[in-house]
Protein chains: 2
Amino acid sequence: MSAEGAQPGTVRPGGRTARVRATVLRAVGDILAERGFAHLDLSDVARRADVGKTTVYRRWGSVTALVADLLMDMAEQSSPRARTGSLLGDLKANARLVQRTLTDPRQGPLFKAVIAAATCDARTAEALHHFYDIRIREWAPCVRQAVDRGELPEGTDAHEVIRAVSAPLYYRLLASGDPLDEAAADRAAEAAAAAAKAGAYVKDRKDEKIERDA
Amino acid sequence: MSAEGAQPGTVRPGGRTARVRATVLRAVGDILAERGFAHLDLSDVARRADVGKTTVYRRWGSVTALVADLLMDMAEQSSPRARTGSLLGDLKANARLVQRTLTDPRQGPLFKAVIAAATCDARTAEALHHFYDIRIREWAPCVRQAVDRGELPEGTDAHEVIRAVSAPLYYRLLASGDPLDEAAADRAAEAAAAAAKAGAYVKDRKDEKIERDA
DNA sequence: AGTTAAACGGAACTGTAGTGCCGTTAGCTG
DNA sequence: CAGCTAACGGCACTACAGTTCCGTTTAACT
């Protein structure tokens, strides 16, 4: 007898199963990139991937689950960090990378769609957070090295600095709509570096100036 | 004869028409806040608003158009800025306001959903950008006053500083998933203030250090 | 108050997304 | 390489979102 609790695709992950997954995720990415999250439905995915409709419904079952799986896939391909020798150089390289990704004709719309999907479902959101966690971990050493070199104060939260570089770019992409050019990327990097040098990202500041209310 | 190009609701905007719009937008907000963008469909809206299904389809016609109209409505209610007397005080007040809004049980999910909708449609995105443009204009004077007081360098881009306060909070909400607490808000304000003081948001820097490549 | 047509709303219709059934293909194990 | 069954895929079915049609209500203007 088989353990009936197992999800389809987990017992025999290779061969055809893997091929179907790759084709389907490719189709999902294509649809998200060119039509956006709102126009994604499972029937359409099955048609585009040239795969049985039943298969898509059985293995994923919902739009958000599809996107979550796509994010798992995206999380595996990592892009290595820069090593320019200075904090500002590294942060600018990171900012430029993010900026180029978000303005790319395929990646930009894709990221928009993936984030939209994550707002609708907890599991998808979790997959997205995992994705960014990996990317941030990849780049955090830049900041730690800057601390070692004495460029930044001791106790600086490396992850927080890396996030500070991306944040303004994502804010432009999703909220304000301001242009996402190289100047914006450089500015994001410079601002993060300046704030970090001023100690804005030093963590666990128990020695903070005494609260002065009441 | 009537100009047939006119959109429904524009010729007789008062009375029942206005009442229907208010009820429908209320229902849209409710659904977005409690179920998210993916589960919003026009039939459901009509049912919840206790309004003829035909009306919703005729006047709005799509989910994104509904959200765009909701954003028009949201843009009208503005929240006045703080006047604490110092840049950091004002920025912290702004950061706290954004943080409280995004963690509010109704407003938080609503903002997520609205941003998700904006990623799927150009007109909705435009409405969202307009919404943030208004909010940012409202708070920009804080920064200009700080320049006048000599707290910030001449030529500092006021809008950019205000955006820099919100950006990390939205990044947490939508991308990284890190906690959106008061500490995060204070950090965002402090980082923006520090970067601004360092001159990271001075615009039109034609006197920038000479490019040194090739 | 009366007139006009803008806007609403009920009811019937249609296309298609989502589901269930079952036979076929092919991945893993020994 | 043979057997077992996980996983796929075609087909028929269902439910409901989205559309059309037309009669009713009522906002705007005189």
Side-chain angles (χ1 to χ4, degrees), chain A residues 1-28 30-32 35-69 117 120-121, chain B residues 1-28 30-32 35-69 72-73 117 120-121:
Chain A
M1 71 193 70
S2 63
E4 70 176 54
Q7 304 302 329
T10 55
V11 179
R12 289 178 183 172
R16 180 169 61 169
T17 302
R19 223 153 43 236
V20 165
R21 187 172 107 108
T23 319
V24 166
L25 292 188
R26 175 79 205 177
V28 170
D30 287 347
I31 295 173
L32 287 182
R35 299 199 191 180
F37 172 64
H39 299 93
L40 181 70
D41 59 87
L42 303 203
S43 302
D44 199 16
V45 171
R47 227 172 339 220
R48 294 267 292 243
D50 204 39
V51 155
K53 195 167 63 156
T54 319
T55 302
V56 178
Y57 281 99
R58 189 179 21 235
R59 275 189 67 179
W60 290 277
S62 74
V63 177
T64 51
L66 264 174
V67 178
D69 200 21
C120 300
D121 177 75
Chain B
M1 71 191 72
S2 63
E4 72 177 51
Q7 304 303 328
T10 55
V11 179
R12 290 179 181 175
R16 180 170 60 169
T17 301
R19 224 153 42 234
V20 164
R21 186 172 109 109
T23 319
V24 166
L25 292 188
R26 175 79 205 177
V28 169
D30 287 348
I31 295 172
L32 287 182
R35 299 199 190 181
F37 173 64
H39 299 92
L40 181 71
D41 59 88
L42 304 200
S43 301
D44 200 16
V45 169
R47 222 166 324 172
R48 294 268 293 243
D50 205 39
V51 155
K53 193 166 64 155
T54 319
T55 302
V56 178
Y57 280 99
R58 187 175 26 232
R59 274 189 67 179
W60 290 278
S62 75
V63 176
T64 51
L66 264 174
V67 178
D69 200 22
M72 305 282 192
D73 197 61
C120 302
D121 177 75

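Residue numbering restarts at 1 for every chain, and letters A, B, ... go by the order of the sequence lines.
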Position toward the 5' end of DNA chain D (nearest nucleotide), S43(B) or G52(A)
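Its nearest nucleotide lies further toward 5', so the answer is G52(A).
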Closest heavy-atom pair and its distance - [X], [Y]:
X      : Y       : result
F37(A) : L32(A)  : CA-CD2, 3.8 Å
L42(B) : S62(B)  : CD1-N, 3.7 Å
P8(B)  : R58(B)  : CG-O, 3.6 Å
T64(B) : A117(B) : CG2-O, 3.9 Å
A46(B) : V56(B)  : CB-CG2, 3.9 Å
H39(B) : I31(B)  : O-CG2, 4.1 Å

Expected list for residues 14-24 of chain A: side-chain donor-acceptor pairs under 3.5 angstrom, two or more places apart:
residue	atom	partner	partner atom	Å
T17(A)	OG1	R12(A)	O	3.0
R21(A)	NH1	D69(A)	OD1	2.5
R21(A)	NH1	D69(A)	OD2	3.0
T23(A)	OG1	R19(A)	O	2.6

Round to a whole Å and report the spacing from [atom1] of [X] to [atom2] of [N].
X      : N       : atom1 : atom2 : value
D50(B) : dC8(C)  : CG    : P     : 14 Å
R48(B) : dA17(D) : CZ    : P     : 13 Å
L66(A) : dG18(C) : CG    : C1'   : 14 Å
H39(B) : dC16(D) : NE2   : C1'   : 15 Å
D44(A) : dG18(C) : CG    : P     : 10 Å
D41(A) : dG18(C) : CG    : C1'   : 10 Å

NA contact type, R21(A), heavy-atom cut-off 4.0 Å: base, sugar-phosphate, or nothing?
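No contact at all - R21(A) keeps every heavy atom at 4.0 Å or more from the nucleic acid.
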Any residue of residues 53-62 of chain B with a heavy atom less than 4.0 Å from an atom of DNA chain C:
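Residues of residues 53-62 of chain B that come under 4.0 Å of DNA chain C are, in numerical order, T54(B), T55(B), R58(B), R59(B).
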Those residues at least two apart in sequence (or on a different chain) that pass side-chain contact (heavy atoms from CB on, under 4.5 Å) with S43(A) are D41(A), R47(A), K53(A), Y57(A)
Identify, with sequence neighbours excluded, every residue that meets side-chain hydrogen bond (donor to acceptor under 3.5 Å, both in side chains) alongside T54(A).
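side-chain hydrogen bond (donor to acceptor under 3.5 Å, both in side chains) list for T54(A), sorted by chain: empty.
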Rounded at 0.5 Å granularity, tell me how far CG in D44(B) sits from CZ in R48(B).
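That separation rounds to 6.5 Å.
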Please tabulate, one pair per line, each protein N/O and nucleotide N/O from nucleotides 26-30 of chain D that are separated by under 3.5 Å, including the distance.
residue	atom	partner	partner atom	Å
dT26(D)	O2	R12(B)	NH1	3.4
dA27(D)	OP1	R16(B)	N	3.1
dA27(D)	N3	R12(B)	NE	3.2
dA27(D)	N3	R12(B)	NH1	3.2
dA27(D)	N3	R12(B)	NH2	3.0
dA28(D)	OP1	G14(B)	N	2.9

Between the axis at one end of the helix from dA1(C)-dT30(D) to dG30(C)-dC1(D) and the axis at the other (five pairs apiece), what's the angle to 10 degrees?
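End axes: 70° apart.
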